Amino acid sequence: MGGVAARRPVALVTAAVLVLEALGTVLLNWVLSIFVDRQQMSLAGLAPHAMSAGAWLAGLLFGLYLLCCAVVPLRAALRDRAPGRFARALLISCAVVNGLLGAVAVALVGWFAFVVLMAVLGLLVLTLVAYGAPRGAADGAGTGGESTGGRGTGGRDVDGWDVDGSGGPGAAGGPPAAPTSA
């Protein structure tokens, strides 16, 4: 019961941290765009104004992505229901992006940025694990009948094992074990 009771606060903290990360990302790219514009920096002959606008636009788009990701755990916490498939995929992509950014940040920025990004990654993974699979995915709803795992009939896979892993080929109610020749 402890894990179930703690999932709402974890999801709320995850949502708040993602909002802060979105604001920090937009702020960082805004500062970078100011530096690029004032220093007249260019890359491969690209105009400084284009570089500045690109940094600002990239920060804005990434900030909006993080805000969309923050809506998922917030909604899950308010409804106390697992996110759907698309929402879970969005959180997984956010976790992957945070992991990759952490790997890059340790080289470019330092260990503090790495620790912060890994903490966000941990919160995302904890939120995903705490809520488990979305409703309907675990119990076979939406498949038009009994869940068979898509492998066999009657709740057993092609080898005669129950889909949930209990009972093998010789289990009660299952197909008999194949004869062996000695």
Side-chain angles (χ1 to χ4, degrees), residues 1-39 41 43 46 48-143 147 164:
M1 171 120 177
V4 174
R7 67 185 185 184
R8 283 182 124 172
V10 167
L12 288 172
V13 168
T14 302
V17 167
L18 285 174
V19 168
L20 291 175
E21 185 180 5
L23 293 174
T25 300
V26 170
L27 179 68
L28 177 69
N29 278 326
W30 176 60
V31 169
L32 286 174
S33 71
I34 290 173
F35 276 108
V36 166
D37 200 36
R38 289 191 180 160
Q39 295 292 323
M41 296 178 189
L43 182 66
L46 196 60
H49 179 69
M51 295 277 296
S52 174
W56 173 241
L57 185 64
L60 188 64
L61 290 176
F62 192 64
L64 288 174
Y65 166 73
L66 289 171
L67 285 177
C68 287
C69 291
V71 168
V72 173
L74 179 65
R75 187 171 182 223
L78 294 177
R79 296 175 65 199
D80 199 27
R81 291 182 60 191
R85 288 184 187 198
F86 178 75
R88 286 181 66 81
L90 189 65
L91 283 182
I92 290 169
S93 72
C94 188
V96 169
V97 165
N98 272 285
L100 292 173
L101 282 177
V104 171
V106 74
L108 297 177
V109 182
W111 286 102
F112 180 73
F114 174 77
V115 169
V116 169
L117 288 168
M118 291 303 108
V120 176
L121 172 65
L123 284 171
L124 286 166
V125 170
L126 187 59
T127 300
L128 286 166
V129 170
Y131 278 100
R135 286 193 186 183
D139 60 2
T143 59
S147 175
D164 64 357

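Model, not experiment: these values are computed from the prediction.
- One N or O on the side chain of S52 and one on the backbone of S33 form a donor-acceptor pair closer than 3.5 Å.
- Shortest non-hydrogen contact noted between P83 and V72 is CB-CG1, 3.9 Å.
- L78 places a side-chain heavy atom less than 4.5 Å from the side chain of L74.
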* Starting from the C-alpha separation in whole Å, work towards a yes-or-no answer on side chain to side chain contact (heavy atoms under 4.5 Å, CB included) for T14 and L18. => CA-CA 6 Å; T14 302; L18 285 174; 4.2 Å; yes

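- Taken to the nearest 0.5 Å, the SG atom of C69 stands 11.0 Å off from the CD1 atom of I92.
- Here the side chain of Y131 pairs no donor or acceptor atom with the backbone of A11 at under 3.5 angstrom.
- When all heavy atoms of L121 and A95 are compared, the pair lying nearest together is CD1-O, 3.1 Å.
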* Given the rule in the side chain to side chain contact (heavy atoms under 4.5 Å, CB included) test, do L90 and Y65 qualify, once you have shown the distances and angles that lead to the verdict? -> CA-CA 9 Å; L90 189 65; Y65 166 73; 3.9 Å; yes

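- Between P73 and L91 the shortest side-chain heavy-atom distance falls below 4.5 Å.
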* To do: Begin from the C-alpha positions of R7 and D80 and carry the test side chain to side chain contact (heavy atoms under 4.5 Å, CB included) through to its verdict.
  => CA-CA 8 Å; R7 67 185 185 184; D80 199 27; 3.1 Å; yes

* For E21 and N98, run side chain to side chain contact (heavy atoms under 4.5 Å, CB included): C-alpha distance rounded to whole Å, both residues' side-chain angles, the deciding distance at 0.1 Å, then the answer. => CA-CA 10 Å; E21 185 180 5; N98 272 285; 2.8 Å; yes

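- Here CG of L32 is found 10.0 Å from CE of M51. Values are rounded to the nearest 0.5 Å.
- Considering CH2 of W111 and CE of M118, their distance stands at 10.0 Å, rounded to 0.5 Å.
- The residue from L67, V97, L28 that alone fulfils the side-chain contact (heavy atoms from CB on, under 4.5 Å) condition with F62 is V97.
- The CG atom of L27 sits 12.0 Å away from atom CG of L20, with the distance rounded to the nearest 0.5 Å.
- A distance of 9.5 Å separates OG1 of T127 from CG of L12, quoted to the nearest 0.5 Å.
- Of all heavy-atom pairs between N29 and A58, the closest is ND2-C, 4.0 Å.
- Counting heavy atoms of neighbouring residues, nucleotides and ligands inside a 6.0 Å radius, atom CH2 of W56 exceeds 12 of them.
- Using modelled atom types, no side-chain atom of R75 and backbone atom of R81 make a donor-acceptor pair closer than 3.5 Å.
- Counting all heavy atoms, side chain and backbone alike, A15 lies closest to A70 at CB-O, 3.5 Å.
- Shown here for L66 and C94, the closest heavy-atom pair between the two residues is CD2-SG, 3.9 Å.
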